[in-house]
Protein chains: 2
Amino acid sequence: MPATLRDVAERAAVSVRTVSNVVSGYEHVSKRMRAKVLAAIEELDYRANPVARTLRTGRTGLLGLVVPEITVPYFSELARDVIDAAAEYGYRVMIDQTGHDHDRERQLLMGDDRTMLFDGMLFSPLVTKAELLDMHGSTKMPLVLLGEHEFDGRYDHVAIDNVAAAMDAVAHLAEIGRERIAAIGSQPQEEYSTPLQRFAGYTKALDTAGLVTHPEFAITAEHYSREAGYEATRALLALSPLPDAIFCFSDLLAIGAMRAVFDAGLDVPGDIAVIGIDDVDEGRFARPSLSTVSLDTPFIAREAVRRIATRIDEPETPAEEVIAPHRLVARESTVANHP
Amino acid sequence: MPATLRDVAERAAVSVRTVSNVVSGYEHVSKRMRAKVLAAIEELDYRANPVARTLRTGRTGLLGLVVPEITVPYFSELARDVIDAAAEYGYRVMIDQTGHDHDRERQLLMGDDRTMLFDGMLFSPLVTKAELLDMHGSTKMPLVLLGEHEFDGRYDHVAIDNVAAAMDAVAHLAEIGRERIAAIGSQPQEEYSTPLQRFAGYTKALDTAGLVTHPEFAITAEHYSREAGYEATRALLALSPLPDAIFCFSDLLAIGAMRAVFDAGLDVPGDIAVIGIDDVDEGRFARPSLSTVSLDTPFIAREAVRRIATRIDEPETPAEEVIAPHRLVARESTVANHP
DNA sequence: TTGTAAGCGTTATCAC
DNA sequence: GTGATAACGCTTACAA
């Protein structure tokens with residue numbers, strides 16, 4: 001049995017109030033008392049019970065981070081940054097995987113009893129529809145949306161300018177002289193905003209560059225996985241004429257795409273240039289190294305935690321949208337022998 | 001303000017006891033009562049407060065998973081499997097990153113007030129020394145060790161046969177005719193058991209194959225990262241004669257190693273074969289695809305959760321060691337044009 | 001089968 | 001500055 005506040009109080013011959021004061025760093029405690037209490041704590045190896053504290057204060061000190069899959073490098077890197085940022089505000093992070101499961105997302109959003117553990121939630125859905133957000137309404141759980149959706153003013157939102165990011169990627173492909181630019185990553189059922197926005201950026205950039213849009217060059221991908229990128233690219237490689245560049249809506253798709261190009265006996269970027277979005281570590285060591293649009297995940301994490309922390313303290317703060325910076329990173333998969 | 005059990009009881013005109021019975025699925029509740037309670041719950045949008053429940057029952061339903069870095073694919077894949085396995089036992093998982101920080105590992109192990117949230121801990125340290133474990137003694141926190149350390153009988157332990165895994169990898173290199181086999185991944189200060197065991201397997205396999213041991217072919221790596229693999233390989237490439245194969249103690253090291261070989265204008269596996277350990281997704285899509293020793297992380301996760309769950313329920317269960325299976329996976333990085 | 005009440009370990013409100 | 005004591009919301013003897 002772990003020692004309780006009571007045990008310590010008894011041992012030190014003081015009241016629980018005084019012990020609590022010492023433990024929680026209350027200012028006005030006499031030196032003598034503090035010393036006695038500290039000694040008793042030491043002797044009994046006392047550790048405060050965070051659950052009891054939570055029940056009393058109403059704060060768990062826990063943030064929920066909801067992502068589709070923790071094994072997707074973008075999300076594990078985001079998780080790392082969120083964990084680090086949260087620690088600075090005294091919060092710990094629980095990671096929930098939805099596994100692309102709508103019901104799971106809905107449950108979490110609507111606040112089942114598990115959700116009640118969190119002081120606030122950071123929600124980074126791959127595939128959440130706007131309607132889902134309506135369901136969150138009844139809950140009072142502070143919520144920050146990550147990298148998704150158009151801002152509708154109801155929730156804090158740390159976003160990426162997906163249209164601009166996609167445009168930068170495609171503009172880069174056009175600049176290096178590519179004319180038949182394919183795109184991988186639209187969703188089979190066109191409902192989610194990230195792929196929609198990235199697709200919009202794609203067509204817009206083609207327009208700007210004065211390039212023709214080939215509808216057959218737009219390939220869908222259900223998940224943003226290496227496998228999906230591979231399969232989508234195989235479909236592209238069956239076309240004639242072939243594309244001379246592929247814009248993938250994520251780095252993982254691009255990794256799979258490159259592999260498919262090589263397996264077909266073609267070269268990247270010689271025959272087909274490939275670019276992704278995310279800038280995950282894996283891309284830097286790929287062969288060829290992967291050109292991409294770098295998203296500033298430390299920034300996203302920092303802003304998200306800052307927003308959720310203030311919202312927890314002041315629930316009436318008006319919702320805000322923060323746009324995270326992005327920048328093109330040209331590597332070997334678009335520029336051969338790039339330094 | 002969220003509704004409480006009391007509110008529901010009042011609304012349904014029954015006692016809290018009855019409401020609690022309904023909520024916790026107690027058998028003996030009359031149909032009428034149950035219906036009334038359920039209606040009230042619905043109307044008030046009641047959700048049980050897990051914190052209060054926890055304070056009463058002494059169970060948080062939380063497992064702590066301690067890993068060095070969640071962004072290392074092996075650990076994110078392990079985390080995914082642990083989260084899934086834990087869900088089947090009704091547990092949720094909090095991930096703690098130690099970031100290779102000894103103090104952090106010690107704190108977690110000794111049980112600061114944060115640790116007390118967990119019903120049990122799954123500890124997968126990259127770099128924990130045996131002495132650290134002694135410090136855990138005073139805590140009563142159930143603990144399962146993952147993939148590390150020699151079994152000392154004090155703690156449950158889901159391990160890998162590191163010696164055998166390393167031997168399999170090196171034996172494979174010998175079988176394909178390599179004779180100057182280097183190894184990357186010993187720790188600068190030789191204290192941790194995983195690298196020691198893998199190194200032991202390396203030398204043992206060289207012996208078995210009748211190959212000479214070149215001391216300069218054993219390169220240390222502080223972290224098991226792509227960067228460390230790259231740097232270590234650059235050191236190898238400065239030697240003469242060059243090695244004709246590299247055994248890396250992790251897939252990430254191997255990814256970095258392959259890149260370094262290519263940057264030096266050499267070929268994998270033509271000039272130098274490369275093999276890793278872990279079998280992370282990234283390796284399958286690398287170019288060439290990475291030969292490796294596959295560790296059965298779903299098995300590890302399942303066993304670990306099973307052990308911790310029984311230990312939580314029956315603290316006096318004797319500690320057990322489970323060895324997870326591994327198997328060699330030969331891909332293109334050792335066998336060119338492998339199917 | 002259901003109601004009453006005690007208590008989990010902490011913090012916070014009141015006195016003194 | 002410190003000591004009693006009442007919550008926080010739930011589960012569970014013990015009674016009825």
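The sequence lines fix the lettering, A, B, ..., with proteins before strands; numbering per chain opens at 1.
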Side-chain touch [X]/[Y], heavy atoms, less than 4.5 angstrom:
X       : Y        : value
A:Val37 : A:Val14  : yes
B:Leu38 : B:Met33  : no
B:Glu69 : B:His100 : yes

Open item on the list: Using heavy-atom distances to pick each residue's nearest nucleotide on DNA chain D, tell me which of B:Arg17 and B:Pro50 is more 5'.
Closed with: B:Pro50

TODO: Using a 4.0 Å heavy-atom cut-off across all strands, classify B:Val23 as base, sugar-phosphate, or nothing.
DONE: nothing

- [ ] Would you indicate what B:Val29 reaches in the nucleic acid, counting non-hydrogen atoms under 4.0 angstrom: base, sugar-phosphate, or nothing?
- [x] sugar-phosphate

For [X] and [N], is the shortest distance between a side-chain N/O and OP1 or OP2 below 4.0 Å?
X       : N      : result
A:Ser30 : D:dT2  : yes
B:Ser15 : C:dG3  : yes
A:Thr18 : D:dG3  : yes
A:Ser20 : C:dT11 : yes

- [ ] Would you work out how much the helix from C:dT1-D:dA16 to C:dC16-D:dG1 bends between its ends, with each end axis defined by five base pairs, to 10 degrees?
- [x] 40°

Protein-nucleotide distance ([X], atom [atom1]; [N], atom [atom2]), rounded to Å:
X       : N      : atom1 : atom2 : answer
A:Arg53 : D:dG9  : CZ    : P     : 18 Å
A:Asn49 : D:dG9  : CG    : C1'   : 15 Å
B:Arg6  : D:dC10 : CZ    : C1'   : 11 Å

Task: Centroid-centroid distance, B:Phe123 to B:His136, less than 6.0 Å - done: no

Open item on the list: From the set C:dT4, D:dT5, D:dC10, return the single nucleotide nearest to any side-chain atom of A:Val16.
Closed with: D:dT5

TODO: From the options D:dT2, C:dA6, D:dA7, select the nucleotide whose nearest atom is closest to the side chain of A:Arg56.
DONE: D:dA7

- [ ] Would you mind telling me which residue lines up with the more 5' stretch of DNA chain C, B:Arg34 or A:Thr57, judged by nearest nucleotide?
- [x] B:Arg34

Task: Considering all heavy atoms, the nearest B:Leu62-B:Tyr91 contact - done: N-CD2, 4.1 Å

Open item on the list: Any salt bridge linking B:Asp96 with A:Arg92? Criterion: basic side-chain nitrogen under 4.0 Å from a carboxylate oxygen.
Closed with: yes

